[in-house]
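Data first, discussion second: the structure below is written as structure tokens.
Every chain is numbered from 1 and lettered A, B, ... according to where its sequence line falls, protein lines coming before strand lines. The shown structure was predicted, so the numbers you read here are calculated from the model rather than taken from an experiment.
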Amino acid sequence: MADLHPPPPCPPGTEPLVAVRGIVNSFGAQVVHDGLDMDVMPGEIFGIVGGSGSGKSVLLNTILGLRTPQAGQVRLEGRDLTKLGPAELRAVKRRYGVTFQHGALFTAFTVAENVKLPIAESLALPEDVLDGLAHQKIRLVGLPAEAAHKYPSQLSGGMVKRAALARALALDPPLLFLDEPTAGLDPIAASAFDELLLYLQRSLRLTVVMITHDLDTIYRTCNRIGVIVDRRMISDTLENIVQNPHPWIQEYFHGERGRVLEQALRPSAVAHRAPSGTGAASAGDGVR
Amino acid sequence: MFLEVTHRDGERELRPRGHWRAEHAPQLAREVDEFQPGAGRIVLDAAQLESLDLTGAFFLRRLERRLAVEGVEVRWASPRPEPLEFESGVVGDELPAPRPENPHPPIGQVGRWAVERGLEARGAIAFLGSVCLVFAGAVARPKRFRAASIVRHVYETGLQAVPIVALIAFLISVIIAYIGAQQLRQYGGEIFVVDLVTLAVLRELGVLLTAIIVAGRSGSAFAAEIGVMRLNDEVDALRAIGLNVVEVLVLPRIVGLVIALPMLTIVADAMGLAGGAVLSFLLLDIPFNQFLARMQEAIMPTTFWAGLLKAPVFAFVIALIGTYRGMQVRESSRELGRLTTVAVVQSIFMVIFVNAIFAVAYWQLDF
Ligand SMILES: Nc1ncnc2c1ncn2[C@@H]1O[C@H](COP(=O)(O)OP(=O)(O)OP(=O)(O)O)[C@@H](O)[C@H]1O
Ligand SMILES: [Mg+2]
């Protein structure tokens, strides 16, 4: 399954799942975002790229409502998070899963307890079901079953990332926010992650917003890319964005590393990038 | 209703229906676990299943497994739903890993506890030893005292604590003077309130109160600061750079507190005496100059020093316990909270305990 992902079938006029409008974020004199717009369509994997310190994590925190921007608004599923009551907000938050750049596992809990926590908080389930669900999520992200009873301090860096992903997937949210999920994974694990992501998107119709520096992951999974340059976002499909004349974008995709990858992927790229539009959609229709 | 049973052509048909999704998990769990399979064959049909996520697939697999365990012969009429195939591929028949049991029988636990206490005692002594070694090294090469760091700790543990220490010393001595005045008035010995306040504040209360406040304030701060540094691997980073952790983190705190606590004690003494004087003036009409004159008579030349001498010892105990507990933090935020609490409780206890030793020693020495 080394194919490149075709653009998502998104008819024009579809309401975006995540709509960010005119966000302004600054720390003292340093302006990080200045009128940033972003749209994520349902069912797509949206990659956010940008230089270190360009404000990707800050943008994620803003979307999640953890940080109030100086201006602008964020709408999730058409609703402005800042205008929701506590009960509605909780319902919305249950519909998305998040991983943070540094894992942010609860250090006082084992991996299994970390995964069970969001489930147990929102659903009244017997303990053995919780154990089973945690086990499923732990296996899903490629952790061995024994890792369930380890504490975060006993995990390797890559295992922390995967455990965080397992916790984000705990409630099978239709929307996932991931901050550098493949950083620290070995290439095999990263590739397995790509496949998991594609499976989730195609079969379970997840929408994914992913911050990543991993060009392989971008080429393999992302439908559209948003690049943060000059405190704003330029977003487009992969084949269009690589042609964007902005010097930073050119350097990013066509610099030494990008070129190697581009060459390596070229043969299949030609074959698969034609917008067939159906491959992804039909793969998941086993149950409908 | 997520499970529907129908009978057709002598066969039972089991239809999962509706949305088998995470939000309906409690209901799904109930229905799957309460389903009575009975005997014979069952045909499963997913035609009515409207949607299925991985949580739903978990319950479908749980259902399949229940049927298999009960010895029911199962056949899928429709293709097995795709997420279920995927889920089974990932998880298979594997069960959650059992929680690792505590392998020690009760008697073994007692032994384990004893060994751990022994190791901890050894660790504490080793810590004390390395502090002494580093201190000796620093005396030989004073640059290793890290003046900037010491000054910061004197400021944070000493100067910033002045208002709270002053206020508490003032109030406590007002209370002592008040109770003393009530009792002594019955014998017409109001003037002895001055003796009471002066001796109590200078010998015991000033330094003891200050030490207890500082133990709560700075003992916890030391443990928490160093504990968080341990959780963030900052301590390991210091080691990797080749720095001596005791020299960088522990010694400046100990030296800083040993400087700060005596100064705070002097503040507390002064405020305590002021509180006594104010109350004596207001309640007993003893003017300030008479209070001062009586105070001179009440104290011996050593009284002030008897209190102040204890301050550096208390400071050393508090700082040592705080930093030691901070260094013990490993692994989790819960440990951090536990050890910070331990640091405060132990340092307050040790302050009072050492104070008792001082009392006995002073008594024997007639100091
Ligand atoms: N709490 C904060 N206070 C001050 N400045 C901050 C804060 N958080 C972030 N910044 C600044 O905002 C900018 C963007 O930070 P951010 O963490 O979003 O970067 P990033 O794009 O995620 O980078 P990376 O790819 O390295 O993770 C940086 O210059 C950072 O210094
Ligand atoms: Mg970041």
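Side-chain contact between B:Arg21 and A:Leu204 is absent, with no heavy atoms from C-beta onward closer than 4.5 Å.
Between A:Asp172 and B:Leu54, the shortest heavy-atom contact is OD2-N, 3.3 Å. The two residues A:Leu123 and B:Pro26 have their closest heavy-atom pair at CD2-CD, 3.8 Å. Of all heavy-atom pairs between B:Glu82 and A:Ser203, the closest is OE1-OG, 3.2 Å.
For the options B:Ser78, B:Pro79, B:Pro98, heavy-atom pairs under 4.5 Å to chain A are most numerous at B:Pro98. With respect to chain B, the highest number of heavy-atom pairs below 4.5 Å among A:Gly132, A:Ala148, A:Ala147 belongs to A:Gly132.
With rounding to the nearest 0.5 angstrom, the CZ atom of B:Arg334 is 6.5 Å from the OH atom of A:Tyr151. With rounding to the nearest 0.5 angstrom, the CZ atom of A:Arg205 is 13.5 Å from the CG atom of B:Asp53.
Heavy atoms closer than 4.5 Å to chain A are found in both the backbone and the side chain of B:Pro96. Residue A:Leu206 does not touch chain B at all, counting heavy-atom pairs closer than 4.5 Å. With a 4.5 Å cut-off on non-hydrogen atoms, A:Leu125 touches chain B through its side chain but not through its backbone. A:Phe109 touches chain B through its side chain: at least one heavy atom from C-beta onward sits under 4.5 Å away, while N, CA, C and O do not. Residue A:Leu200 touches chain B through its side chain alone, counting heavy-atom pairs closer than 4.5 Å. In this structure, chain A has a heavy atom under 4.5 Å from the side chain of B:Ala29, while its backbone stays farther away. Contact of B:Glu85 with chain A is not made at all, since no heavy-atom distance falls under 4.5 Å.
Looking only at distances, a side-chain donor or acceptor of A:Thr107 sits under 3.5 Å from a matching main-chain atom of B:Ser333.
Classification of B:Arg62 and A:Asp128 as a salt-bridged pair holds, one side-chain N sitting under 4.0 Å from a carboxylate O.
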